[in-house]
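Note that the structure is predicted; figures quoted are calculated from it, not measured. Chain naming here is simple, since letters A, B, ... match the order of the sequence lines and numbering starts at 1 in each.
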There are 2 protein chains.
Amino acid sequence: MTELDITTEAQIIQAARKVFLVKGFEGARMQEIADEAGINKALLHYYFRSKEKLFQSIFQEAFQRFIPSLYDVMLSERTLPEKLDLIIDRYQELLFENPYLPQFILQEVNRNPECLKTMFQKFGVQPSTFISFLEKEMTKEGITHITPQHLLVNILSLNIFPFAAKPILSIILFNNNKDEYLEFMKERKEYIKLFIHNALFKS
Amino acid sequence: MTELDITTEAQIIQAARKVFLVKGFEGARMQEIADEAGINKALLHYYFRSKEKLFQSIFQEAFQRFIPSLYDVMLSERTLPEKLDLIIDRYQELLFENPYLPQFILQEVNRNPECLKTMFQKFGVQPSTFISFLEKEMTKEGITHITPQHLLVNILSLNIFPFAAKPILSIILFNNNKDEYLEFMKERKEYIKLFIHNALFKS
DNA sequence: GTCTATATGGCGATAGAC
DNA sequence: GTCTATCGCCATATAGAC
């Protein structure tokens with residue numbers, strides 16, 4: 001475990017992240033990852049035994065990013081409207097920094113659905129806890145026209161889908177003009193907040 | 001072009017649809033499609049020259065289904081709330097019949113973004129037309145707190161995302177209980193309508 | 001049109017020198 | 001630890017008999 005080892009492993013991880021996130025497991029090639037890392041294919045198998053193993057470490061790292069934002073916001077001392085706004089802020093920030101994350105995770109969970117349970121167990125995630133907290137807050141606010149499950153799915157949908165569908169929406173809305181789509185996504189945060197706020201509290 | 005030809009080609013199409021929709025282009029195997037169709041691998045290449053060609057015909061067929069619902073509803077003589085409800089009804093019906101469509105299209109458009117322009121040209125689709133109509137209706141109703149682009153993306157997100165994210169949501173919400181998730185998706189239609197209605201018209 | 005057999009290439013993985 | 005060379009497999013695609 002010299003300095004050099006660490007550097008090489010880090011280079012591999014970085015390269016693997018870049019390739020896997022864009023191409024997915026099936027689409028990615030070990031050769032491409034090696035090239036991206038500036039090393040040889042054989043070295044990939046030296047550090048990680050197989051493509052699957054290398055992929056798992058990237059997937060786990062990616063998956064972790066989706067979890068923590070929700071919990072600590074929900075547990076904080078704020079009103080529900082404030083919490084929702086904060087969750088949207090955090091999610092949009094995360095997604096802007098990792099725009100390929102949604103499609104990457106969707107694709108690979110479809111390929112291997114069992115991996116999800118493993119992840120949840122590994123990180124001690126209890127989604128039902130989050131639902132319970134949301135439910136309590138909604139009762140407090142007198143919101144009865146929607147269930148916490150549907151509200152959660154609505155929040156996730158409005159935030160995540162436009163990133164997963166970027167190529168489609170970019171064409172549909174702006175004839176593939178990248179700048180206009182970026183501008184659209186940046187302003188979108190406030191529109192999501194307003195949309196959810198109106199749907200919940202204007203009754 | 002005898003009876004037998006047509007039957008075989010239809011069998012291939014049906015088998016290819018089944019395999020490609022679930023596995024995607026990279027994940028699908030010609031052998032699996034041949035087995036599913038009850039024929040030999042070589043016959044696939046006899047009818048369609050290559051895997052890519054066979055895939056394209058399946059993708060085109062799948063893509064077509066997403067288009068027409070929106071147009072004729074938007075052009076009909078109804079109020080905006082009625083139109084929105086009808087669009088949601090149509091989309092949910094389409095998605096229940098083809099639950100793999102969202103992830104299939106997302107995955108393959110990411111793999112080959114250029115194919116979208118081809119599709120739009122092929123079918124003479126002008127997304128800007130739809131946005132214009134939506135904008136006109138929104139002005140008529142005095143809706144100014146959201147742009148037609150964001151409203152369209154919200155509608156698509158709320159409808160499509162839960163199908164693309166089925167394995168994830170099924171675990172998060174119901175600990176992988178299929179029946180509960182199905183029930184959730186069936187009741188969801190009305191929650192989407194209510195959510196959008198409140199967000200737009202309760203001001 | 002449909003089959004069997006085979007060509008062809010690419011990819012993950014390993015052996016072995018340094 | 002890092003490289004070159006190569007193995008072994010599997011998937012697409014083709015040749016050719018029937």
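Note on A:His45: a side-chain N or O is less than 4.0 Å away from OP1 or OP2 of C:dA13. Proximity of A:Thr8 to the phosphate of D:dG1: no side-chain N or O atom is located under 4.0 Å from OP1 or OP2.
Here C:dC11 presents its C1' atom at 13 Å from CD of A:Glu32, a figure rounded to the nearest Å. Distance, A:Leu44 CG to C:dT14 P: 13 Å, rounded to whole Å. What separates CG of A:Asp35 from C1' of D:dT2 is a distance of 15 Å, to the nearest Å. Rounded to an integer number of Å, the gap from NZ of B:Lys23 to C1' of D:dA11 is 14 Å. Going from atom CG of A:Asn40 over to atom P of D:dT4 covers 6 Å, rounded to whole Å. Taking atom CD on B:Gln31 and atom C1' on C:dA5, their separation rounds to 14 Å, with Å as the unit. Atom-to-atom, CD1 of A:Ile33 to P of C:dA13 comes out at 11 Å; the value is rounded to the nearest Å. As a whole-Å value, the separation of B:Phe25 CZ from D:dA11 P is 14 Å.
Ion pairing of A:Glu108 with A:Arg111 is present here, as a side-chain N (NZ or NE/NH1/NH2) and a carboxylate O approach within less than 4.0 Å. Of the charged side-chain nitrogens involved, at least one lies within less than 4.0 Å of a carboxylate oxygen, so that B:Lys23 and B:Glu32 count as a salt-bridged pair. Note on B:Lys83 versus B:Asp72: no salt bridge recorded, every NZ/NE/NH1/NH2 to OD/OE distance being 4.0 Å or above. A salt bridge links A:Lys193 to A:Asp89: at least one charged side-chain nitrogen sits closer than 4.0 Å to a carboxylate oxygen.
For A:Lys41, the side-chain atoms get nearest to C:dG12 when compared with the rest of C:dA15, C:dG12, D:dT12. Minimum atom distance to the side chain of A:Arg29 is reached by C:dC11, of the listed D:dC3, D:dA13, C:dC11. For B:Tyr47, the listed nucleotide lying nearest its side chain is C:dT2; candidates were C:dG12, D:dT4, C:dT2. The side chain of A:Tyr46 sits closest to D:dT2 out of C:dC3, C:dA13, D:dT2. Nearest nucleotide to the B:Ile39 side chain, out of C:dT2, C:dC3, D:dG1: C:dC3. Side-chain proximity of B:Met30 to the nucleotides D:dT12, C:dT2, C:dT4 is greatest for D:dT12.
Taking the six-membered ring where the residue is Trp, B:Tyr191 and A:His150 present parallel rings, their angle staying beneath 30° rather than reaching 60°.
Within the nucleic acid shown, A:Ala28 comes within 4.0 Å of sugar-phosphate atoms alone, with no base atom in reach, counting heavy atoms only.
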